Each structure stands twice: as structure tokens, then as C-alpha cells.
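Following: one structure in C-alpha cells, then a few remarks.
Keep in mind the model is a prediction, meaning the values are calculated, not measured. Note on naming: letters A, B, ... go to the chains in the order of the sequence lines (proteins, then strands), and numbering restarts at 1 for each one.
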Amino acid sequence: MPWPASPELLTPLAPWFERVRRDLPWRAADLEAPHPDPYAVLVSELMLQQTQVATVVPYFTRWLDEFPDPRALANAEDDAVHKAWEGLGYYRRARFLKATATSVAAEGWPADLAGLAKLPGLGPYTAAAVGAIAFQWPTPALDGNAFRVLARLLLIDGDPKDRAADLRFWLAPALGALGPSRLTQALMELGATVCRPSPACERCPLAGHCAAKLAGRTGEIPPVAKRAKSTSSALWLVAFEAEGHVLLHAPTPKGLLAGLWRWPTFLATVHLPQATAQNPQPTRAWPGWTQVYTHRREALSPLHIVLADRFTPAAGLRWVARGELQGLPLGKRDQRLRDLLDRPGQGPLEAPDPAALIKACAAPSV
DNA sequence: GAAGCGTGGGG
DNA sequence: TCCCCAAGCTT
């Protein structure tokens with residue numbers, strides 16, 4: 001691999017970054033010094049995993065307002081932590097962040113990269129990024145942006161992740177020359193704003209030495225990864241209400257929407273016409289929608305079923321006072337039904353038999 | 001090593 | 001509408 005030395009290729013990043021860099025709330029003014037608040041860097045990096053900057057900014061600001069330091073986060077209730085993360089997605093990041101804050105509050109910050117990498121939720125990229133941005137350690141952080149930029153700059157065929165070790169070694173001199181924090185952030189900023197999957201090479205400070213551009217191959221480097229297939233299902237999404245309470249699944253530790261409260265759902269395999277003579281329970285319905293997750297699509301039909309009395313719920317289900325509903329952490333899907341409850345329903349078109357749903361939610365009778 | 005994990009924006 | 005993607009990590 002006859003790659004030119006990294007400072008030779010990457011030095012133009014510094015003046016470019018100084019000119020165009022976005023003013024982000026976690027970004028230090030002085031990129032030469034260790035960050036004044038490593039915790040802020042940690043929070044930003046966890047939030048930024050698979051999540052765009054514009055989405056993260058308001059969450060970051062509120063988070064630091066509510067949990068200003070590791071101790072505050074370590075002492076927070078799980079529901080409060082998830083509530084502050086509500087809507088951001090990939091909710092186990094919030095639990096990892098709390099676990100890491102607990103470790104830092106008790107034992108202080110790790111002294112090296114290996115120590116950071118042992119913290120919950122910090123993988124190879126995030127540990128290196130925190131090392132470089134918070135502590136100015138010469139730890140090359142390779143995220144999707146950096147891999148894409150370097151794959152094009154150096155004309156790497158195949159998956160650049162397979163060359164991670166070579167790339168980290170190659171980057172070391174540039175980290176020293178430009179400074180770990182500056183180089184790390186400039187490289188990612190270039191990938192996020194210019195060297196995107198569909199690149200804007202006319203704005204790129206490295207275009208003159210970009211091997212992929214010179215070869216006319218930016219469109220095919222790096223190669224696109226194959227997508228995971230996703231499954232589809234049709235579900236009733238049901239708000240049972242009785243005696244001023246609603247029925248919710250309590251948070252679970254694993255799986256989809258873990259850590260959040262959820263409305264009960266039922267496979268919508270059976271569509272029974274609403275027989276008003278035989279179903280005295282008033283049922284409201286609203287137009288449905290499709291909820292999209294990473295590996296799943298749900299065609300949802302929201303229902304509101306009001307009962308005279310509460311039944312004893314099955315394991316994992318709880319009756320929650322309606323007044324407490326607003327304070328519980330819910331995913332987007334379940335927020336949507338919660339908000340529908342305050343709007344007029346359109347009247348049930350077709351709905352399942354409420355008695356069958358109640359049977360599925362009630363504790364088995366002895 | 002592949003699967004699983006949320007949500008929103010853009011082409 | 002559909003597909004791709006976005007500062008990845010854990011199991």
C-alpha cells in the first residue's frame with residue numbers, strides 16, 4: 001500500500017474545518033486543549049451513534065440540563081433516563097450511558113483507550129473518539145464517515161472496515177500534526193457534509209489528492225452494504241381504559257422498545273364486525289398507520305376500549321392512572337396512540353371482539 | 001458473524 | 001411509495 005503520508009494528504013482539513021465547522025453545543029472552543037467537560041463528549045458520542053447531528057442537538061441540550069454530570073445521571077431513575085431519551089431511538093444507549101456514568105462517578109475516568117473500551121456502550125469507534133476529543137489522546141477514531149472519506153482518498157477497494165488496522169496506523173502521524181480532537185472532528189465533518197455517499201467534490205479541500213476522484217470512482221467507493229430484510233405484521237394497538245386507568249406493558253430489559261412503556265398489541269388476523277348488540281363496550285378507532293423499525297414494519301390499527309371495571313392484568317401488564325401517562329417514556333408508536341386519546345375517534349369500522357382481547361390481557365383465572 | 005436495535009430525512 | 005442512510009454496539 002503505497003499511500004502518501006497522512007499529514008501530506010490531510011493537512012488541508014485544518015483550515016477548511018476552521019472555516020466551515022458547525023457550532024455544536026458539545027464542541028469545545030479550543031480544539032488544542034483537553035475538553036473542559038469529558039462527560040459532555042461522552043453524552044454526545046452515545047447520542048450520535050447511528051443518529052444525525054440535527055436530531056441530537058435538542059436532546060443533548062435537555063440531557064445536560066437534567067443530568068449535568070455523571071453523578072446526577074447515576075442517581076437518576078430509569079424511567080427519567082428513558083424519558084429524556086424518548087424519541088431518539090436505540091434506547092439501550094440510554095441505559096449504557098447511565099451504566100457508564102455510574103462507573104465514572106464511582107471510579108473516575110479510565111486512564112487509557114482500553115479502559116474506555118470496557119465501558120458499556122463504548123465500542124472501538126466511540127472509545128477512540130472520546131479519547132481523542134475529550135482527552136486529546138492520539139487514538140484514531142474510525143466511524144462510517146471516516147471510513148468513507150479514507151476509502152475514497154486512498155482508493156481502497158472492498159469494505160474499508162477490513163483495513164481498519166492499516167488505516168489507524170496510517171492516521172497516527174496526522175493525529176500528531178493536526179491534533180487528535182481537531183483531526184477526528186474534521187474528518188467526520190467532511191464525511192457528513194461533503195464526502196457524503198453522494199459526494200460534493202467541488203467543496204472538498206482534499207479533492208486535489210483524492211485517488212477515487214482522480215480515477216472517477218467516487219460513486220462506487222466504498223461499496224454499498226447489503227440490507228437486512230424486514231418483516232411485516234398487522235396489529236391492533238389497544239388502549240384499554242377503566243376507572244381512570246389505562247393498561248400498559250411495563251418496560252422489559254431486552255428486545256424492541258426495551259426500557260419503554262408500551263400499549264398492548266394483538267395480531268390483527270381476525271376482523272370481527274363490531275356487533276353493538278353483543279358488545280356493550282364503547283370502542284373508538286382511528287385511521288391506522290405503518291410504523292417502520294430497522295427490521296420490522298407494523299401496520300397498526302389503534303383502538304380505545306373503555307370498560308366499566310379493571311380486570312386483574314396478566315404478568316407484565318399494569319394499570320396506570322391516566323394522569324401519569326404523560327410522564328412515562330413511550331416510543332413514537334405508543335406516543336401516537338396516547339395523543340389520539342385526546343382526539344375524537346372516527347367510530348369503529350371493524351374491530352376485534354373486546355372480550356377476546358381482554359382474555360389475552362387478563363391474568364389466568366385460578 | 002449475523003442479527004437486532006428507532007427514528008427521521010432525503011433522493 | 002420505497003429505499004437508503006445516519007458520529008455503532010452487543011449478543
Side-chain angles (χ1 to χ4, degrees), chain A residues 17 21-22 24-27 40-60 82 85-97 99-100 116-134 139-150 159-162 164 181 183-200 219 222-232 252-260 262 289-299 329-336:
Chain A
F17 186 55
R21 72 174 188 157
R22 297 169 286 184
L24 304 175
W26 50 84
R27 209 163 247 178
V41 176
L42 175 75
V43 172
S44 72
E45 287 301 335
L46 267 291
M47 288 187 169
L48 285 164
Q49 288 173 2
Q50 298 289 283
T51 309
Q52 300 189 107
V53 165
T55 303
V56 165
V57 167
Y59 283 89
F60 174 86
H82 287 97
W85 203 274
E86 183 182 66
L88 195 52
Y90 286 154
Y91 296 95
R92 55 177 189 165
R93 294 181 295 170
R95 299 187 289 280
F96 288 145
L97 186 50
T100 286
L116 282 177
K118 287 177 187 162
L119 295 171
L122 278 72
Y125 160 72
T126 306
V130 170
I133 298 171
T139 49
L142 298 176
D143 72 328
N145 289 308
F147 277 120
R148 185 171 56 252
V149 170
L150 298 180
D159 186 351
K161 291 180 175 60
D162 295 338
S181 179
L183 175 60
T184 300
Q185 297 187 68
L187 199 54
M188 291 191 290
E189 189 100 334
L190 185 70
T193 63
V194 175
C195 194
R196 294 165 298 180
S198 179
V224 291
K226 45 195 172 214
R227 288 189 316 117
K229 48 194 167 208
S230 111
T231 60
S232 298
T252 56
K254 293 184 176 184
L256 188 66
L257 303 178
L260 306 181
R262 294 168 291 120
W289 71 92
T290 298
Q291 189 75 30
V292 179
Y293 303 101
T294 305
H295 297 76
R296 199 177 303 196
R297 301 172 68 86
E298 293 177 348
L330 269 51
K332 286 293 182 185
R333 176 194 73 183
D334 299 299
Q335 288 178 41
R336 196 157 167 175

Please list, for nucleotides 9-11 of chain B, all pairs of protein and nucleotide N/O atoms separated by less than 3.5 Å.
none

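Rounded to a whole angstrom, the distance from the P atom of C/dA7 to that of B/dG11 is 15 Å. Spacing of C1' atoms, C/dC5 relative to B/dC5, comes out at 16 Å, to the nearest Å. Taking atom C1' in both B/dG1 and C/dC9, the straight-line distance is 14 Å, to the nearest Å.
Contact record, A/A141 with A/A146: O-CB, 4.1 Å, taken as the closest heavy-atom pair.
The nearest whole Å value for the distance from the CG atom in A/L190 to the P atom in C/dA7 is 11 Å. Taking atom CZ of A/R93 as the reference point, atom P of B/dG6 lies 9 Å away to the nearest angstrom. Distance OH (A/Y293) to C1' (B/dG8): 14 Å, rounded to an integer number of Å. Between the P atom of C/dG8 and the CE atom of A/M47 lies a distance of 15 Å, rounded to the nearest Å. Atom P of nucleotide C/dA7 and atom NZ of A/K161 are separated by 10 Å, given to the nearest angstrom. Distance CD (A/E298) to P (B/dG6): 12 Å, rounded to an integer number of Å. As rounded to whole Å, 8 Å separates atom C1' of C/dA7 from atom CD1 of A/I133. For A/Q50 and C/dC9, the CD to P distance is 9 Å, given to the nearest whole Å.
A salt bridge is absent between A/R93 and A/E45; no separation between the charged side-chain nitrogens and carboxylate oxygens falls under 4.0 Å.
No engagement by A/R333 is indicated, since no non-hydrogen atom pair under 4.0 Å with the nucleic acid exists. Within 4.0 Å (heavy atoms only), A/V56 reaches no atom of the nucleic acid at all. Counting any heavy atom pair closer than 4.0 Å across all strands shown, A/R262 reaches no nucleic acid atom. Across all strands, A/Q291 comes closer than 4.0 Å only to sugar-phosphate atoms, never to a base (heavy-atom distances). Residue contacts shown for A/G331 are limited to sugar-phosphate atoms, with no base heavy atom under 4.0 Å away. Looking at heavy-atom distances under 4.0 Å, A/L257 makes contact with sugar-phosphate atoms alone, never a base. Using a 4.0 Å heavy-atom distance criterion, A/R336 is classed as making no nucleic acid contact.
Taking 4.5 Å as the limit, some side-chain heavy atom of A/L257 sits within range of a side-chain heavy atom of A/Y293. A 4.5 Å side-chain heavy-atom check between A/H295 and A/T231 finds every atom pair outside the cut-off. By the 4.5 Å heavy-atom criterion applied to side chains, A/Y59 and A/W85 are not counted as neighbours. In this structure, the side chains of A/L116 and A/T126 stay at 4.5 Å or more apart for every pair of heavy atoms.
When each of A/H295 and A/K332 is assigned the nucleotide of DNA chain B bearing its nearest heavy atom, the one mapping closer to the 5' terminus is A/H295. Ranked by how close their nearest DNA chain C nucleotide is to the 5' end, A/K254 and A/Y90 are led by A/Y90.
Between C/dT10, C/dG8, B/dG4, one nucleotide has an atom nearer to the side chain of A/D143 than all others, and that is C/dG8. Listed candidates were B/dT7, C/dC9, C/dA7. Nearest to the side chain of A/Q49 is C/dC9. Considering only side-chain atoms of A/W26, the nucleotide from B/dC5, C/dA7, C/dC9 that sits closest is C/dA7.
With sequence neighbours excluded, the residues satisfying salt bridge (charged side-chain N to carboxylate O under 4.0 Å, His left out) with A/R333 are A/E298.
Phosphate proximity of C/dC9 to A/R92: absent, as no side-chain N or O sits under 4.0 Å from OP1 or OP2. For A/Y91 and B/dT7, the shortest distance from a side-chain N or O to OP1 or OP2 is below 4.0 Å.
Residue A/M47 is tested with A/V53, A/V57, A/L88 for a side-chain contact (heavy atoms from CB on, under 4.5 Å); the sole match is A/L88.
Distance alone, capped at 3.5 Å, is enough to place a donor-acceptor pair between the A/R148 side chain and the A/C195 backbone.
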